[in-house]
Amino acid sequence: MNISAREKAREAFVTHFGEEPQGVAFAPGRVNLIGDHVDYNDGLVLPMPLAQGTAVAWAPAGQEVEAIASDASGETDSFRLSDIPGPDGSWRSYLRGMAAIMPEFGLPVPGMRLAIAGDLPRGTGLSSSASLEIALARAFAQAAGNKNPGAVAMAQAGQQTEHRYAGVQCGIMDQMASAAGISGHATLLDCRDLSVEHIALPDDWAVLIVQSNVTRGLVDGEYNLRRQQCETAAKALGLASLREAGSKLVTQATLDPVVKRRARHVVEETDRTRQAAICLAAGDLSGFGAILNQSHASLRDLFEVSHPAVDNLVTDLQTLIGGRGGARMTGGGFGGAVVAVMESAALDPAIQALQQQRRAAALPCDAIIAWSGRAT
Ligand code: GLA
């Protein structure tokens with residue numbers, strides 16, 4: 001639960017509508033520990049929810065939706081549920097998409113007044129849009145008196161909103177991480193059957209997120225292209241998805257070299273995620289870290305979704321951490337955030353050293369501690 005996003009949403013609601021909201025829904029952002037660009041190939045992913053996210057303050061309003069976005073300079077939107085407008089390239093697309101699509105997944109959408117506020121940096125690979133979708137789903141469910149909207153139904157509505165209202169052919173990891181995540185736990189999600197296993201983070205581990213401060217550009221086109229390349233590979237191998245492929249099959253297949261590199265990453269990344277979950281459950285930090293480092297190399301060299309500034313930051317973190325942990329890019333790539341896992345006792349010295357290095361190079365150092373057990 002994040003008090004500041006909730007409080008901001010409540011205040012925006014009172015200021016804009018002149019009354020107290022009836023409820024405030026919240027959904028977290030996520031950081032992916034490992035398993036990138038495998039969700040849309042039915043693979044395994046290991047994200048964890050953040051304390052930061054999006055809050056939606058709401059009150060019932062007949063058949064109308066009236067919304068204010070406190071982070072988008074107080075922009076508003078309003079429509080009747082019988083006549084929901086199409087996407088407009090802004091935050092409104094997510095609201096309109098969720099309102100239109102939730103009923104397809106058995107989730108009723110009543111009229112509401114609502115105020116949206118968040119505390120996640122946008123465009124940095126921490127799933128601000130998925131957390132908005134799931135916070136809206138929870139608010140609509142609360143307003144409909146639905147006490148137990150299923151995580152899968154909410155996540156699928158969010159994913160469809162991305163596909164049909166935002167033009168991003170994303171997988172389902174971000175929405176499931178937000179809808180099903182439990183604080184202090186990583187979520188091992190099998191994207192083939194959407195089964196979830198929660199694995200507690202050990203007390204003596206810490207998870208640090210550092211922004212590369214490279215704004216992601218041209219992401220949607222590159223992302224959709226990667227997805228197509230994976231589909232091409234699966235088709236050429238005669239499989240429903242790359243989840244069905246083993247690494248030997250991909251290595252031996254005659255494929256376009258670029259398509260083959262993409263497929264190798266996907267197949268090996270799911271194996272790495274499986275191994276990483278075993279290391280996490282066993283508290284094997286060195287093993288987990290080594291797998292994180294391999295994942296970064298694969299996203300950089302085989303899937304080609306990293307960025308030189310991200311690579312430099314990852315190398316700096318890997319050097320600071322040594323063998324007791326690891327670091328990698330996280331999320332869709334092309335800039336955005338880096339995730340590092342280390343001993344919690346090493347966290348403060350690592351942040352200080354990184355700040356010093358980056359200050360000397362005139363680079364910013366925006367860090368979020370996603371998890372830290374004892375001994376910090
Ligand atoms: C984005 C997408 C996810 C996933 C990641 C990469 O965050 O929304 O579905 O594909 O990129 O792992």
Side-chain angles (χ1 to χ4, degrees), residues 27-50 53-54 93-94 97 120-134 151-152 154-181 186-192 194 209 211-212 216-231 241-243 262-263 265-270 272-273 276 292 295-296 298-300 302-307 310 328-339:
R30 66 96 188 95
V31 62
N32 191 22
L33 297 177
I34 188 162
D36 271 314
H37 289 277
V38 294
D39 59 348
Y40 52 84
N41 293 293
D42 286 351
L44 294 175
V45 297
L46 192 65
M48 65 173 285
L50 300 177
T54 306
S93 304
Y94 300 100
L120 273 171
R122 252 168 278 167
T124 55
L126 301 179
S127 290
S128 55
S129 65
S131 88
L132 170 58
E133 289 146 18
I134 302 304
V152 169
M154 292 194 293
Q156 285 173 331
Q159 183 191 27
Q160 282 303 310
T161 293
E162 296 279 353
H163 289 193
R164 285 145 62 180
Y165 281 71
V168 182
Q169 300 300 311
C170 66
I172 201 159
M173 166 172 71
D174 304 345
Q175 290 77 15
M176 279 297 288
S178 183
T187 311
L188 179 62
L189 167 67
D190 186 331
C191 298
R192 182 161 57 184
L194 299 184
I209 302 166
Q211 305 295 345
S212 69
R216 304 194 304 162
L218 294 175
V219 184
D220 300 352
E222 285 292 333
Y223 184 94
N224 293 346
L225 175 63
R226 294 299 182 286
R227 189 170 179 150
Q228 275 166 26
Q229 290 165 333
C230 293
E231 280 161 12
S241 79
L242 284 177
R243 175 64 183 277
R262 307 296 186 247
H265 164 77
V266 170
V267 170
E268 292 168 10
E269 183 83 348
T270 278
R272 277 190 289 269
T273 304
L292 254 55
S295 167
H296 182 76
S298 178
L299 286 156
R300 180 191 62 210
L302 298 180
F303 217 70
E304 298 178 278
V305 289
S306 192
H307 183 285
V310 172
R328 61 187 282 280
M329 60 153 274
T330 180
F334 307 104
V338 163
V339 64

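Read the numbers this way: they start at 1 and go in the same order the structure lists the ligands and their atoms.
- Proximity to Asp36 (heavy-atom distance under 4.0 Å) selects the following atoms of ligand 1: 6 (C), 12 (O).
- Taking CG of Leu50 as the start and CE of Met48 as the end, the distance is 6.5 Å to the nearest 0.5 Å.
- Looking at ligand 1, you'll find an N or O of His37 within less than 3.5 Å of one of its N or O atoms.
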Verdict with reasoning, Gln229 to Arg262, per side-chain hydrogen bond (donor to acceptor under 3.5 Å, both in side chains): CA-CA 7 Å; Gln229 290 165 333; Arg262 307 296 186 247; 2.9 Å; yes

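- With distances taken over non-hydrogen atoms, the option nearest atom 11 (O) of ligand 1 out of Gly332, Gly333, Gly336 is Gly332.
- Ligand 1 places these atoms under 4.0 Å from at least one heavy atom of Tyr40: 10 (O).
- Residue-ligand proximity, Gly171 to ligand 1, at heavy-atom distances under 4.0 Å covers atoms 9 (O).
- Contact annotation: Arg30 has at least one heavy atom less than 4.0 Å from an atom of ligand 1.
- Taking the side chain as every heavy atom from C-beta outward, Leu44 and Arg192 never approach each other to under 4.5 Å.
- Within the listing of ligand 1, atoms 1 (C), 2 (C), 3 (C), 4 (C), 9 (O), 10 (O), 11 (O) sit less than 4.0 angstrom from a heavy atom of Tyr223.
- In summary, the atoms of ligand 1 found under 4.0 Å from a heavy atom of Asp174, numbered by their order in the structure, are 1 (C), 2 (C), 3 (C), 7 (O), 8 (O).
- Once rounded to the nearest 0.5 Å, the distance linking OG of Ser178 with CE of Met173 reads 12.0 Å.
- Taking CD from Gln175 and OG1 from Thr161, the interatomic distance works out to 8.5 Å, rounded to the nearest 0.5 Å.
- Interface of Asp39 with ligand 1, defined as ligand atoms under 4.0 Å from a residue heavy atom, comprises 3 (C), 4 (C), 9 (O), 10 (O).
- Ring geometry for Tyr223 versus Tyr40: interplanar angle over 60°, hence perpendicular rather than tilted (30 to 60°).
- You'll find the side chain of Arg272 reaches within 4.5 Å of the side chain of His265, heavy atoms only.
- Of all the atoms in ligand 1, the ones that sit under 4.0 Å from a non-hydrogen atom of Met173 are 4 (C), 5 (C), 12 (O).
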